[in-house]
Amino acid sequence: MATPVWHPQEEGVKEICGLLQEFRQPSVDQSRIWQQLQRCSQFPDFNNYLTFILCRAEGHSVEVRQAAGLLLKNNLKANYQAIAPAYQHYIKAELLPCLGSSDRHIRATVGTVISVVVQQVHVQGWPEIFQAIAQCLDSNDYNHMEGALDALSKICEDMPVELDSDVPGLSDRPINVFLPRLLQFFSSQHATLRKLSLGTVNQFIVSLPTALFINMDNYLQGLFSLADDPAPEVRKLVCAALVELLEVQPNFLQPHMRNVIEYMLQANQDGDEEVALESCEFWSAFCEARCTPELLREFLPRLITVLLTNMAYADDDEALVDADDDENGPDRDQDLKPRFHQSRVHGADGGNEEDEEDDDIINSWNLRKCSAAGLDILSTVFGDELLPVLMPLVQANLSQPTDAAWKAREAAVLALGAVAEGCINGLLPHLTQIVAFLVPLLEDKRPLVRSITCWTLSRYSKWIVQAVGHPDGHAQFDKVLTGLLRRILDSNKRVQEAACSAFATLEEEAAEELAPRLELILQHLMFAFGKYQRRNLRILYDAIGTLADAVGSELNEVKYLEILMPPLINKWQQLPDSDKDLFPLLECFTSIAQALGSGFSLYAEPVFVRCINLIRTQEADPGRAGVAYDKEFIVCSLDLLSGLAEGLGSSIESLVSRSDLRDLLLQCCADDAADVRQSALALLGDLAKACAVHLQPHLPDFLNLAAKQLGSEVKDNVSVANNACWAIGEVAVKVRQEISPVVMNVITCLVPILTSTEGLNKSLLENSAITLGRLGWVCPDLVAPHMDHFMLAWCHALRSIRDDVEKEDAFRGLCAMVRLNPGGAVSAFVPMCEAIGSWHEIRSADLRSEIAQVLHGYKQLLSGPTWDQCMAALDPPMREKLVKKYQI
């Protein structure tokens with residue numbers, strides 16, 4: 001290879017190495033050194049110097065050379081294309097020989113830099129690197145083989161698909177060249193080479209290039225030969241490969257499944273916890289891949305025993321370190337996890353958010369949690385079959401009363417919670433005994449036993465509530481409720497958190513059952529409010545908000561409000577506008593305002609004004625106001641205003657009329673942030689329902705902004721589109737003909753949503769159907785002429801909407817449009833009948849009469865054989881229902 005033209009100046013090398021050496025000193029002013037390095041980086045050949053130091057400065061320490069390499073990596077990642085071609089060539093030429101450096105740290109850094117260059121220029125931009133890697137792999141020199149494998153593994157991790165493509169300058173695809181060599185390294189005497197080669201091949205399981213497909217038998221044989229490798233990092237990769245194959249290419253494992261299950265069962269008991277954890281993922285993957293349960297059935301007794309054993313806390317589990325986290329100890333910064341407010345979703349089924357996954361207090365994934373998750377999903381597949389094996393083990397663990405056996409007791413309680421849903425048919429007859437077992441454990445000496453008992457009881461809360469109507473069911477419910485309330489006041493912060501979360505779950509299930517116990521509940525929650533620190537206060541706010549959602553207007557009694565509101569108002573007044581602890585309090589107030597309805601009017605004005613101020617501060621010019629912009633302040637404030645509008649109804653009018661909310665809301669509807677627009681559009685719809693007159697004179701602007709959200713990018717922001725669609729419908733039924741200027745624009749957007757084959761969100765489809773119907777109701781003359789474009793898809797969507805006022809509005813639109821253009825619905829008459837038949841009960845006598853008129857009108861229009869054909873096309877139960885209800 002020709003000697004590069006560029007040569008470094010010795011003074012330059014010395015200066016940069018000096019700065020890098022100094023930067024590593026803990027006592028030095030690192031920002032000053034960093035500024036000097038940044039000044040050096042202004043020279044166009046600075047990256048050449050870094051390359052030289054990494055590859056050739058053998059007189060300097062490895063740490064300095066590594067630091068140069070890492071700085072080089074970052075520079076290339078950010079600015080490679082701006083580097084002069086001659087310097088790019090120098091960097092690449094210097095890196096190649098260093099693949100086999102005698103120092104493993106330098107080799108690893110060079111591999112990282114090489115992978116970044118390949119990311120920038122792609123495979124075709126540097127074919128020489130693959131020739132060099134192939135030569136190193138064939139060299140039989142350990143340093144060269146290890147350096148090449150390390151670089152190749154990093155390249156494959158970043159861009160596996162590109163390695164399975166034709167490259168000008170190479171005789172074959174890179175993966176075809178390398179895969180046979182990688183498989184040979186599976187039998188290397190060096191553990192590092194076995195690990196790197198296996199990890200590299202594993203990168204291709206998902207994309208499954210042809211080279212791997214035709215070598216699959218060799219790959220599987222290689223995997224099986226490494227199954228008992230002495231190096232745990234290799235065994236871990238074997239388990240990872242088998243799990244990934246099961247997830248994405250299960251057919252290849254099918255002939256070997258019995259042996260694979262046997263191996264994974266052994267690996268699940270590996271002395272290395274990382275191997276055991278990786279193998280434990282197999283059981284969830286097996287169930288999710290919908291493999292034949294019969295394959296696993298004979299192993300269940302051994303498997304359940306292993307899982308239960310692994311569900312006990314390990315001695316080094318980080319949860320044990322903080323198990324005695326006393327309420328008097330201050331929260332640490334790492335305890336305060338970032339929290340994210342979910343913007344308000346409105347309309348048909350809009351409020352049914354996905355439940356968050358159960359959070360077992362500590363976030364890190366480990367063998368204990370993976371085993372519990374495996375048992376959980378196994379229970380959903382095998383159901384009550386697990387119980388004859390599991391329950392004797394659980395009972396044996398629970399019957400060990402000594403303090404030394406607390407981990408076994410805790411694991412047994414965790415197991416009972418894990419199988420609560422999957423095995424409920426078999427457990428339900430024993431619910432009374434299970435609850436009787438669990439409630440005393442709420443008083444256990446060990447905080448981790450108390451906290452897991454809270455979680456497990458929450459897993460049974462649905463059935464505990466359902467049992468209230470049975471003998472002793474009330475007493476059982478009260479024991480659980482009072483037990484959880486006591487734990488909410490526990491002195492241990494971890495138990496407080498678990499109890500609050502469990503109680504929130506119980507509240508959701510219990511709803512009206514809580515009403516007679518409200519005073520007791522509020523006394524406990526507000527006592528906790530006085531003692532909790534910031535982290536658990538956030539969870540307590542959620543429990544209070546959930547209580548308000550559950551009991552609704554039952555909360556609107558003076559004796560309850562006197563307990564609930566003063567501490568919350570006091571906290572509201574204490575927190576400055578810049579404090580993010582306002583977010584969960586705003587969410588809590590939103591639920592309370594909706595529950596109290598007009599009963600919140602006593603507290604409404606200061607809350608309303610504070611929300612307006614928060615939005616104004618953020619939307620106006622947060623920089624000038626000395627406040628860092630944070631859209632979450634806007635989103636939470638908009639959502640609380642929505643709650644006020646929903647709760648107070650027309651009573652909010654006086655507050656709106658004396659504020660600049662209309663102008664601020666218009667700004668928010670046009671905000672760049674999708675979740676701000678989402679919440680703003682929800683508030684637009686709520687204000688339309690409560691006091692539409694105050695949306696003037698901006699009504700056309702509001703409607704145009706809402707319609708804009710229904711355009712071509714609807715898939716990217718489904719929740720924004722959902723709220724926009726719902727808001728337009730709410731405005732339409734309030735302002736009637738005033739909406740006519742935007743009707744055709746909106747219809748043009750709604751029809752593609754309804755006819756989409758891309759599986760759009762169910763709520764968006766239902767809201768689109770409702771809004772189209774509402775527009776047809778208030779402006780039938782504009783919408784009816786276009787019925788033949790949307791009737792089929794519209795009727796399909798109408799069928800799935802639950803009976804309520806919004807569905808009534810949509811069918812009023814249907815009747816209004818059919819009266820004007822009966823021919824427009826003829827081709828969709830059968831789906832229209834199915835939509836009409838989807839009603840369980842139409843409460844409005846007027847609407848029932850209108851629908852009857854429509855059906856009788858079509859009977860005359862389609863008289864004779866055509867009518868008979870249409871009726872015959874309906875399912876017999878549907879036909880009988882329509883004939884009986886409408887006498888057709």
Side-chain angles (χ1 to χ4, degrees), residues 153 156-161 163-164 175 179 182-183 186 195 197-224 226-227 229 232-268 270 273-297 299-300 303 306-307 310 354 357-358 364-382 418 422 759:
S153 72
C156 292
E157 185 177 357
D158 293 327
M159 44 206 318
V161 176
L163 268 70
D164 186 30
I175 185 61
L179 189 70
L182 290 169
L183 293 174
F186 282 16
K195 179 188 79 170
S197 58
L198 176 53
T200 303
V201 178
N202 287 0
Q203 301 288 344
F204 294 95
I205 291 174
V206 174
S207 59
L208 194 65
T210 304
L212 181 56
F213 181 84
I214 61 178
N215 278 286
M216 184 56 74
D217 285 343
N218 292 335
Y219 172 51
L220 288 175
Q221 286 170 17
L223 271 184
F224 298 148
L226 295 173
D229 196 278
E233 59 268 30
V234 175
R235 299 199 300 279
K236 178 182 171 183
L237 284 169
V238 171
C239 293
L242 292 170
V243 170
E244 195 158 15
L245 279 167
L246 185 61
E247 287 174 340
V248 297
Q249 312 288 353
N251 292 342
F252 290 118
L253 288 185
Q254 204 69 27
H256 314 281
M257 190 62 82
R258 203 171 181 288
N259 290 334
V260 169
I261 291 171
E262 183 66 58
Y263 171 69
M264 287 306 218
L265 199 49
Q266 296 298 326
N268 215 162
D270 197 291
E273 185 167 334
E274 288 194 21
V275 177
L277 174 58
E278 200 66 58
S279 65
C280 195
E281 301 285 359
F282 184 84
W283 316 118
S284 294
F286 181 94
C287 297
E288 286 164 0
R290 307 211 169 162
C291 297
T292 309
E294 199 57 48
L295 292 167
L296 194 54
R297 186 166 274 117
F299 297 93
L300 285 177
L303 174 56
V306 170
L307 291 177
N310 287 344
E354 288 290 312
E357 290 186 12
D358 294 314
S364 59
W365 191 240
N366 56 29
L367 182 58
R368 161 191 157 77
K369 290 183 189 172
C370 189
S371 300
L375 184 59
D376 185 345
I377 196 166
L378 283 166
S379 76
T380 64
V381 172
F382 292 97

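Residues that satisfy the side chain to side chain contact (heavy atoms under 4.5 Å, CB included) test with D164, not counting sequence neighbours, are R173, I175, P209. Partners of E288 by salt bridge (Lys or Arg N to Asp or Glu O under 4.0 Å), not counting sequence neighbours: none found. For the salt bridge (Lys or Arg N to Asp or Glu O under 4.0 Å) test, residues two or more places apart in sequence or in another chain that qualify with K236 are E274. Listed by chain and number, the residues in a side chain to side chain donor-acceptor pair (under 3.5 Å) with D158 are Q119 (sequence neighbours excluded). Residues forming a side chain to side chain donor-acceptor pair (under 3.5 Å) with N268 (at least two apart in sequence, or on another chain): W283. Applying the ring pair (Phe, Tyr, Trp, His ring centres under 6.0 Å) rule to F204 yields no partners; only residues at least two apart in sequence or on another chain are considered. For the side chain to side chain donor-acceptor pair (under 3.5 Å) test, no residue two or more places apart in sequence or in another chain qualifies with Q203. A search for side chain to side chain contact (heavy atoms under 4.5 Å, CB included) contacts involving T210 returns I214, not counting sequence neighbours. With sequence neighbours excluded, the residues satisfying salt bridge (Lys or Arg N to Asp or Glu O under 4.0 Å) with E262 are R302. Legend: residues meeting side chain to side chain contact (heavy atoms under 4.5 Å, CB included) with P250, ordered by chain and number and at least two apart, are L246. With sequence neighbours excluded, no residue forms a ring pair (Phe, Tyr, Trp, His ring centres under 6.0 Å) with F299.
When every heavy atom of L220 is checked against every heavy atom of L245, the shortest pair comes out as CD2-CD1, 3.8 Å. Closest approach of C287 to L378, counting heavy atoms only: SG-CD2, 3.7 Å. Residues S207 and V161 approach most closely at CB-CG2, 4.3 Å, considering heavy atoms. Summarising the geometry of A285 relative to V243, their closest heavy-atom pair is CB-CG1, 4.1 Å, with the distance given to 0.1 Å. Across every non-hydrogen atom of L307 and L375, the tightest pair is CD1-N, 4.0 Å. Closest heavy-atom contact between C239 and M264: O-CE, 3.5 Å.
Side chains of M216 and F213 form no contact here, defined as non-hydrogen atoms less than 4.5 Å apart. For the pair I205/F252, no side-chain contact is recorded, criterion being any heavy-atom separation below 4.5 Å from C-beta on. Within the 4.5 Å cutoff, no side-chain heavy atoms of Y219 are placed close to those of L179. Contact annotation: the side chain of C156 approaches that of L163 to within less than 4.5 Å [non-hydrogen atoms, C-beta and beyond].
Between F186 atom CZ and L223 atom CG the span is 6.0 Å, to the nearest 0.5 Å. The structure places CG of L295 at 11.0 Å from CG of L253, a figure rounded to the nearest 0.5 Å. Taken from CG in L226 to OG in S197, the straight-line distance is 7.5 Å, to the nearest 0.5 Å. Atoms CZ and CD1, from F282 and I261 in turn, are 5.5 Å apart once rounded to the nearest 0.5 Å. Taking OG1 of T292 as the start and CZ of R297 as the end, the distance is 10.0 Å to the nearest 0.5 Å. L296 CG to C291 SG: the interatomic distance, rounded to the nearest 0.5 Å, is 9.0 Å.
Looking at S284, its side chain never comes within 3.5 Å of a backbone N or O of E281 through a donor-acceptor pair. N202 contributes a side-chain N or O that, together with a main-chain N or O of L237, makes up a donor-acceptor pair within less than 3.5 Å.
For the side-chain hydrogen bond (donor to acceptor under 3.5 Å, both in side chains) condition, the pairs that include at least one residue of residues 245-258, sequence neighbours left out, are R258-E298.
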### Task
Could you give me the CA-CA distance, side-chain angles and deciding distance for V238 and D229, then say whether side chain to side chain contact (heavy atoms under 4.5 Å, CB included) is met?
CA-CA 9 Å; V238 171; D229 196 278; over 6 Å; no
